Structure formats: structure tokens, C-alpha cells
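Have a look at the structure below before the remarks.
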Amino acid sequence: MAEERKTSIHGEWSSRWVYILAATGSAVGLGNIWKFPYITGENGGGAFVMVYLVCIAIIGIPVMMGEVLIGHRTKKSPVNALIDLSKEAGAWKGWVALGWLAMLSGYLILTYYSVVAGWALAYIFKAGSGAFTGASAEEISAVFDEMLAQPATLVIWMSIVIVFTLAIVGQGVQKGLEQAVRYMMPGLLIILILLVGYSMNSGKFMEGVAFLFQPDFSELTARGVLVALGHAFFTLSLASGVMMTYGAYLPEGTSIAKTSIAVAAADTIVALLAGLAIFPIVFANDLSPSEGPGLVFVTLPIAFGQMPFGTFFGTLFFLMLTLAAFTSAISLVEPSVAWLVERVGLPRGRAALFAGIGIWAIALICALSFNVTSEMRLFKKNFFDLMDFGTSNIMLPLGGLLIAIYTAWVMTAESTKSELELGDSHAYTTWQTLMRYVTPLAIIVMFLNALGLIDLTQ
Ligand code: PHE
């Protein structure tokens, strides 16, 4: 296959730094700033954080390497990558299903993701108008509830997110994705540092530090362990076709192992810094860290509303959340757009338009499930929750399991070795062992537990 190796028809990243920026941009998103703090709050803090860090290190990083190597070896989007690789390995053609699963997962995540990104966007203006300053807790939670109750409002904000996302992706890898991450990621980082500084000065900082880093294992439940594993996949953008596709654009001579470690480390640091920005402010105002999804949209505005310069820093917070969401949103649809270009031969702009129409239609159903169709439930969940649950807790772990099996058992050691460029080192055997045994086992235990076949809660 070496002689066929050219660049992807979509182009490639200008440098390995841009790749790290783009992959980190994908990884850092609502998952880090919205979800990580609230699930940490719900699961008792420190001990949960430790489990999460272990999952990132021994499952997340190896799976990311597996995905990037799939993309990099073929220079194609997930579906076509799996077709080529299975040919190369003389493997069963049905493995193409893994490519479909990955691409579909990213596509579906974007539908509900753009609704939440829409909330973040809307909140830049709400916070900026000073609406939260001095407002009572009831008033602030009413703002959130009212927004959810108005279908038109939700649909408008989510539509803006989708149009903007596809406008970027429609420009291509270098002119679109790359330009977006070049500006958005430094902006995000600066805001994050400012917010941590603010929280050090105005919040109960040490309480926040203790909450995040002092493990109390009596607070940890089996469910918490599973949530940590699921979130490790989500936050690193795994099993959604993203890392395969971004890997296809990786310049030659870049170390897949080193860049994966760098991306995972950057993602983790951002999640922890987001926690350090949020919890001290929450504690300083005697609020609870375990309010669930409302943590950043209700609890945090209540806190900012009571604090000096709260309007300014509150607005910055939602700007940061929006930037983080955009650099992830563009990555979620890139695999589908790349596939439409490869398979159907559409020009990029049109491919983005086609992909966007479907996303918008499903996102519409997500948005309406908070109001018009809020009574319609399946397994006690509305459509939005079903999409979230189905992708994060079923499709991503299943994809992760298949990626581990595929790269460590189906592909030849010769081809994975030549992609990872780790030679016969310890590093290679560690990767192989983790992917052959540890990852599949961890995911299977998680599924069995979810099906209720084994009870880890005892
Ligand atoms: N990693 C992103 C986040 O933490 C979400 C995401 C998942 C993005 C899967 C791309 C693919 O918000």
C-alpha cells in the first residue's frame, strides 16, 4: 500500500501543530465545559475524576491512536477507509459497518449538540445584557425554562449554529476547518485562563481544588465508573469518525502516539481548568455542584449574578462555551461531508449543504422535544435525551470496542506497526495489549452492567 500513499483528496493540515490544534478543538467542547463539571458534581468529585483520568490514559489514548492510524493509512473518510483496510488485511468485507457506525455517530451527535451550542450562543447575549445581575435564583432558572419552552427560540439559535458550522466545513480543510481553529482555539484558551484567574480571586478556590482532586472513594459508585468511561470516549471525540478523518489529513512523518498523547493531555487540562473556573464560584455563593445539566446554564449564572464584574465574566464564559462548541461541531460533520465528496463526487459546498439539511431536520425534532413533543417519551426519555443516551452510551462504546478489535486483532501487526512507527518497542506492545484485552474487556463489562446482567453496585 505504501506506493499508493499520496495525500487525501481533501488536502492535509498545514503542519502537525495545526493538526494538534484541530484535534484538540474537536476534543475540547461542550463535553469539557458543560458535561464534565456537572457529571463530576453528580458523582461526588475527586474519586470520579481519578477514574476518568485512568480511563483517558489506558483506554482513550490507545483508541485514539487506533483511529488516527486507520485514517492515516488510507487517507480516506471512515467508510472508505474500512473498505480499503479490510481489503489490505484480507478481512471480512462486513467491517465496513464500523465505518458507517462511526460516521453515523458523529452525524447524530451533531443534531443534539447543535441545540446545546445554540443555548450557549443565546446565553452570550443574555449574560451580556446584564439580565442575571442581581437576579434571584428563581428568576434565573425561569430564564432557562422559558427558553426551553419556546420552540421558535430554540430552533433559531440551533439553526444559526448549523448554518455557521456548515459554512466553515464547506470551505474545506485548509480554508475552512484550519482557519476556524487557528482563531477560535487561542481565543478559548485566553478566556479560560482569565476565568480561572477570576475564580482564584473571587471564588472559594481551595474548596474547588479539594472537590476536584481530593478523592473520597465512598462517593464513587459503579455507575460513576461507567459514566467516566463513556465520557472518556465522548470528550476525546472517539468512535465518531472524527479522529479517523482528521488522521487522514495528517502530514507524513508526524508521530501518531505523541500527537494523541498531546491531544488527550490538552483536553484533560481544559476540562480540569473548566472545573477550577466553575466550582470555586459555585461554592463561593453556597450553591450546589450537583444540579446536573443546569449547572452552567442556571447555577453558574446565579453565581455570576451575585459577583463583582459578573456580567463581564459571565459573558466571557458563554463566549468560551460557544467557541468550544463550534470547533467540535465542525469536526462532527466533517466525516460525512468528506464521504459525500469521495463517494458521490459532490463539490464540498454542496456536500456540506446536503449533510446540513439532514442534521437540521433531526436537530429540529431534538429542539421540539423540550416543548411541543415533551410528552412523547420512549424509555422515559424525550427525543433529545434518546439521542444523547443512544450515541454516548451505546454507539460510541460499541464503536470503541470494534475499533480496538479491528486494529489489534484484524489488521496485521505489520501494518499497525508501520503506521505507529514505534518499532518493536515497549510502547508498541503496550498499545497492542491495551487494545487487545483491556479496552474490549472494559467496554464489555460496561455493556453487561448496563443490560443488568451483572450488578456492579454491590
Ligand atoms: N469531544 C467533544 C466534546 O467534548 C464532543 C465530540 C464528540 C466531538 C464526538 C466530536 C466527536 O464536547
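What you see is a predicted model; the values in this text were computed from it and never measured. As the structure lists them, so they are numbered: ligands from 1, and atoms in each ligand from 1.
- Of the N and O atoms on the side chains of Asn80 and Thr74, not one donor lies less than 3.5 Å from an acceptor on the other residue.
- Checking only distances, Ser328 never comes within under 3.5 Å of ligand 1, N or O to N or O.
- The shortest N or O to N or O distance between Thr235 and ligand 1 is under 3.5 Å.
- Evaluated by nearest non-hydrogen atom to atom 8 (C) of ligand 1, the leading choice among Ala117, Ala325, Ser237 is Ser237.
- Under 3.5 Å, the side chains of Asn382 and Ser374 contain no donor-acceptor pair of N or O atoms.
- Ser328 places a side-chain N or O within donor-acceptor distance of the main-chain N or O of Ser26, the cut-off being under 3.5 Å.
- Remark: ligand 1 and Val28 share no N or O pair separated by less than 3.5 Å (distance only, no angle test).
- Each of the following atoms of ligand 1 lies closer than 4.0 Å to a heavy atom of Val242: 10 (C), 11 (C).
- In this structure, Trp95 contributes its side chain and Ile83 its backbone to no donor-acceptor pair below 3.5 Å.
- For atom 7 (C) of ligand 1, the nearest non-hydrogen atom of the protein is Phe234 O, 3.4 Å.
- The aromatic rings of Trp119 and Phe370 stand perpendicular to each other, their planes meeting at an angle above 60°, with 30° marking the opposite boundary.
- The only option from Tyr198, Phe318, Phe304 that meets the ring-ring contact (aromatic ring centres under 6.0 Å, His included) definition with Phe313 turns out to be Tyr198.
- Residue Phe36 places every heavy atom at 4.0 Å or more from ligand 1.
- Residue contacts with ligand 1: Gly106 is excluded, as none of its non-hydrogen atoms falls under 4.0 Å.
- Of all atoms in ligand 1, listed by their number and element, those nearer than 4.0 Å to a heavy atom of Asn32 are 4 (O).
- Counting only N and O atoms by type, the side chains of Glu67 and Tyr406 include no donor and acceptor under 3.5 Å apart.
- If you number the atoms of ligand 1 from 1 as listed, the ones under 4.0 Å from a heavy atom of Ser240 come out as 9 (C), 11 (C).
- Looking at Ile109 next to ligand 1, no N or O pair under 3.5 Å apart turns up.
- For ligand 1 and Tyr113, the ligand atoms under 4.0 Å from any heavy atom of the residue are 2 (C), 3 (C), 5 (C), 12 (O).
- Close approach of ligand 1 to Ala27 is summarised as follows: ligand atoms under 4.0 Å from at least one heavy atom of the residue are 1 (N), 2 (C), 3 (C), 4 (O).
- In summary, the aromatic rings of Trp100 and Tyr107 are positioned with their centroids too far apart to meet the 6.0 Å limit.
- Those atoms of ligand 1 that come under 4.0 Å of a heavy atom in Leu30, given as number and element, are 12 (O).
- Scanning all protein heavy atoms for the shortest distance to atom 2 (C) of ligand 1 gives Ser26 O, 3.3 Å.
- Of all atoms in ligand 1, listed by their number and element, those nearer than 4.0 Å to a heavy atom of Ser331 are 10 (C).
- When the options Asp267, Val116, Leu332 are ranked by their closest heavy atom to atom 10 (C) of ligand 1, first place goes to Leu332.
- Ring-centre distance between Tyr437 and Trp409: below the 6.0 Å cut-off.
- Residues Glu342 and His10 have side chains that bring a donor and an acceptor to within less than 3.5 angstrom of each other.
- Between Tyr123 and Phe132, the ring center distance clears the sub-6.0 Å criterion.
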